[in-house]
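Shown next, in structure tokens, is the structure this report addresses.
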Amino acid sequence: MKTRWVDLPVYTRAGQFIARYSEKGLAELNFPPVGRASSRAVNPIGIPAPIRRWHRATATALKAVLAGRAAKTLPPLDWSGKTEFQKSVWRALRKIRRGQTRSYGEIARAIGSPGAVRAVGGACGANPIPVLVPCHRVLAANGKIGGFSGGLKRKRELLAREGVSL
DNA sequence: CTCCGCCTACCAA
DNA sequence: TTGGTAGGCGGAG
């Protein structure tokens, strides 16, 4: 069965993000493209009510985190098709609260795979829902920034907004 | 199987 | 401190 996706924009002060929904929930959150944002009006007619509701939650939560506040409610997240290892990493990431950070090694230990440090990095890089699943709160063991698939600039900005100093 | 990576600890300058 | 590196693991092909 082929998944039907619904892509909806979220306009923020950091640009236009694109949220992608399946019938199960939010599946992806994509950063604004590097260039200018192409704004295309979205016709709410034809969008299933649950998705409209989820999208309101996504938009509110995203704007909150970008402003350095805690996301109150998230829509259901659709992680279908992902590996158990990845899901366990992302679950652990969701427990890191605003202003807190963990190292990749700490996440690895937290999920019971203390030797899978690099693999945790890989799972962070594969996180389909950045910002709301806060992979930006994971730093290298030496306290340095580590990597970020969305660009280190964004990781620094998010952390700064949350009051984390490197 | 091979290759790669948002890592780490360790060792040499 | 900085720079190079081997090791351990999961994911992708």
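Scope of the values below: all heavy atoms of this structure, side chains included, with no hydrogens, waters or symmetry mates.
- For the segment residues 118-132 of chain A, the set of residues with a heavy atom within less than 4.0 Å of an atom of DNA chain C comprises A/Arg118, A/Ala119, in numerical order.
- Looking at A/Arg4 and A/Ser22, their side chains never come closer than 4.5 Å, going by heavy atoms from C-beta outward.
- In terms of modelled atom types and a separation under 3.5 Å, the side chain of A/Arg154 and the main chain of A/Gly150 share a donor-acceptor contact.
- Within residues 143-166 of chain A, no residue has any heavy atom closer than 4.0 Å to DNA chain C.
- Minimum heavy-atom separation, A/Ser103 to A/Val138: C-CG1, 3.7 Å.
- Applying side chain to side chain donor-acceptor pair (under 3.5 Å) to A/Arg20 and the options A/Asn30, A/Asp7, A/Asp78 leaves one that passes, A/Asp7.
- For A/Lys144, the salt bridge (charged side-chain N to carboxylate O under 4.0 Å, His left out) test picks out no residue, with sequence neighbours left out.
- The minimum heavy-atom distance between A/Ala70 and A/Ala64, with the atom names listed, is O-CB, 3.8 Å.
- Listed by first and then second residue, the ring-ring contact (aromatic ring centres under 6.0 Å, His included) pairs that reach into residues 52-99 of chain A are A/Tyr21-A/His55, A/Trp79-A/Trp90, sequence neighbours excluded.
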For DNA chain B, the expected dot-bracket line (Watson-Crick or G-U under 3.5 Å, [ ] crossing, | inter-strand) is |||||.|||||||
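- Here the side chains of A/Ser149 and A/Lys155 are not in contact, with every heavy-atom distance at 4.5 Å or above.
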Each nucleotide N or O in nucleotides 11-13 of chain C that has a protein N or O under 3.5 Å away: list the pair and distance.
from   : atom 1 : to      : atom 2 : distance (Å)
C/dG11 : OP1    : A/Thr83 : OG1    : 2.2

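- The stretch residues 104-147 of chain A participates, sequence neighbours left out, in no ring-ring contact (aromatic ring centres under 6.0 Å, His included) pair at all.
- Not counting sequence neighbours, A/Thr60 has no partner by the side-chain contact (heavy atoms from CB on, under 4.5 Å) test.
- Residues satisfying the salt bridge (charged side-chain N to carboxylate O under 4.0 Å, His left out) criterion with A/Glu23, sequence neighbours excluded, are absent altogether.
- With respect to the salt-bridge test (charged N to carboxylate O, under 4.0 angstrom), the residues A/Arg161 and A/Glu157 do not qualify.
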Considering only distance and modelled atom types, tabulate donor-acceptor pairs under 3.5 Å from the side chains of residues 108-132 of chain A, sequence neighbours left out.
from     : atom 1 : to       : atom 2 : distance (Å)
A/Asn127 : OD1    : A/Ile129 : N      : 2.9
A/Asn127 : ND2    : A/Val133 : O      : 2.9

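- The two atoms that bring A/Ile145 and A/Leu139 nearest to each other are O-CD2, 3.9 Å, heavy atoms only.
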Donor-acceptor list for residues 92-100 of chain A side chains, cut-off 3.5 Å, not counting sequence neighbours:
from    : atom 1 : to       : atom 2 : distance (Å)
A/Arg98 : NH1    : A/Gly68  : O      : 2.7
A/Arg98 : NH2    : A/Glu162 : O      : 3.4

Annotated protein contacts, base or backbone, on nucleotides 8-13 of chain B with a non-hydrogen cut-off under 4.0 Å, one of B, S, - each: S-----
